[in-house]
Amino acid sequence: MTMFEESPEELGGERERPGQRTHLSAAGLRARGWTPTMVRQLLGEPDLLLAHPQFRSAPQTRLYRVERVEAAERGEGFRAAAAAAVRRPAAAPASALRRRRKALDLRRRVYAAIAGAYPDLARERIRQLRAPTAPGNSDASADPGTHDRQIDRRTPRPGPQEPA
């Protein structure tokens, strides 16, 4: 966990037992399955703000009382939000696949509309695509004049002579 999981005396609360946590940081909440949105919605403002221990110019560290966190975790709102947070990443690949299929379908329809309006152009493009090319060559490299630039290689000048 983080440095603030074990609360120091200056946090204002006394420990009942050594090592007992009185406050949790944002990192501690993430380890328990909380997302930033869940923290804002279910916990709201932090119970304690402290200066960042390593970087004084960094934002203050937000600390939440353990009792308040545990009470929120027992609530129905946390269960629903946690279930949604688990489903969301699992649904991402399926959503990306749907978007890809939709884009490919749109592209097919556009090409079909162009082919319907300009049949000669469509036949020419199909002929170009079916033309045999050498492995690794693309349409851009089909013109031999595009890659035969002369490279100016100058011989290095001799440096200053060292006296013998």
Side-chain angles (χ1 to χ4, degrees), residues 1-7 21 23-154:
M1 296 278 152
T2 65
M3 173 180 237
F4 295 111
E5 303 308 320
E6 307 245 347
S7 65
R21 295 182 182 126
H23 289 81
L24 290 171
S25 65
L29 292 172
R30 274 194 305 276
R32 294 171 73 119
W34 287 76
T35 65
T37 302
M38 291 166 58
V39 172
R40 277 192 309 275
Q41 290 176 349
L42 301 175
L43 294 178
E45 292 299 313
D47 297 312
L48 189 60
L49 289 171
L50 288 181
H52 193 279
Q54 286 118 2
F55 305 106
R56 295 296 173 197
S57 62
Q60 291 181 322
T61 302
R62 298 176 314 272
L63 299 174
Y64 301 88
R65 280 193 348 263
V66 173
E67 299 83 25
R68 196 161 71 106
V69 170
E70 289 173 347
E73 287 175 345
R74 286 189 295 270
E76 190 59 38
F78 178 81
R79 286 190 206 111
V86 169
R87 280 192 311 266
R88 199 171 300 118
S95 176
L97 184 60
R98 271 193 313 275
R99 287 192 309 271
R100 177 175 166 70
R101 286 181 177 160
K102 185 176 179 179
L104 289 174
D105 182 51
L106 176 64
R107 189 175 86 176
R108 273 189 225 102
R109 286 188 280 135
V110 167
Y111 284 158
I114 291 172
Y118 303 99
D120 294 336
L121 180 65
R123 278 193 290 274
E124 177 62 25
R125 183 64 182 144
I126 290 171
R127 187 188 63 74
Q128 287 174 355
L129 291 174
R130 290 184 180 162
T133 59
N137 289 347
S138 67
D139 291 342
S141 64
D143 181 17
T146 57
H147 297 290
D148 61 352
R149 285 185 282 154
Q150 295 294 322
I151 298 174
D152 185 19
R153 296 207 168 132
R154 297 180 183 169

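Note that these values count all heavy atoms, side chains included, but never hydrogens, waters or copies made by symmetry.
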Study note, to complete from the structure: One should read off an interatomic distance between Q60 CD and L50 CG, to the nearest 0.5 angstrom, of 7.5 Å
Practice item. Only pairs at least two apart or in different chains count here, so list each salt bridge (Lys or Arg N to Asp or Glu O under 4.0 Å) that has a residue in residues 49-61. Key: none
Practice item. Could you tell me which residues satisfy side-chain hydrogen bond (donor to acceptor under 3.5 Å, both in side chains) with R127, sequence neighbours excluded, listed by chain and number? Key: E124
Check your understanding: Can you name the residues that form a salt bridge (Lys or Arg N to Asp or Glu O under 4.0 Å) with R65, not counting sequence neighbours?
Key -> D47, E67
Exercise for review: Please name all residues satisfying salt bridge (Lys or Arg N to Asp or Glu O under 4.0 Å) with R30, sequence neighbours left out, ordered by chain then number.
Suggested key: none
Practice item. Keeping to residues at least two apart or across chains, list the side-chain hydrogen bond (donor to acceptor under 3.5 Å, both in side chains) pairs with something in residues 106-116. Key: D105-R109
Revision key, fill the gap. With sequence neighbours left out, the residues meeting side chain to side chain contact (heavy atoms under 4.5 Å, CB included) with A58 are H52, F55
Side chains of residues 90-99: which donor-acceptor pairs under 3.5 Å do they make with residues two or more places apart or in other chains?
unit_1	atom_1	unit_2	atom_2	d
S95	OG	R99	NH1	2.8

Check your understanding: Rounded to the nearest 0.5 Å, how far apart are CG of L104 and CZ of R100?
Key -> 5.0 Å
Exercise for review: Name all residues meeting the side-chain hydrogen bond (donor to acceptor under 3.5 Å, both in side chains) criterion together with T35; count only those two or more places apart in sequence or in a different chain, and write none if there are none.
Suggested key: none
Practice item. Would you check if the side chain of R62 reaches a backbone N or O of A26 as a donor-acceptor pair within less than 3.5 Å? Key: no
Study note, to complete from the structure: Heavy atoms of M38 and G33 approach each other most closely as CE-O, 3.9 Å
Practice item. Kindly compute the distance separating CG (L49) from CG (L63), expressed to the nearest 0.5 Å. Key: 7.5 Å
Please report, to 0.1 Å, the donor-acceptor pairs under 3.5 Å made by any side chain of residues 71-79, with sequence neighbours excluded.
unit_1	atom_1	unit_2	atom_2	d
E73	OE1	R32	NH2	2.8
E73	OE2	R32	NE	3.0
E73	OE2	W34	NE1	2.9
E76	OE1	R79	NH1	3.0
R79	NH2	R74	O	2.9

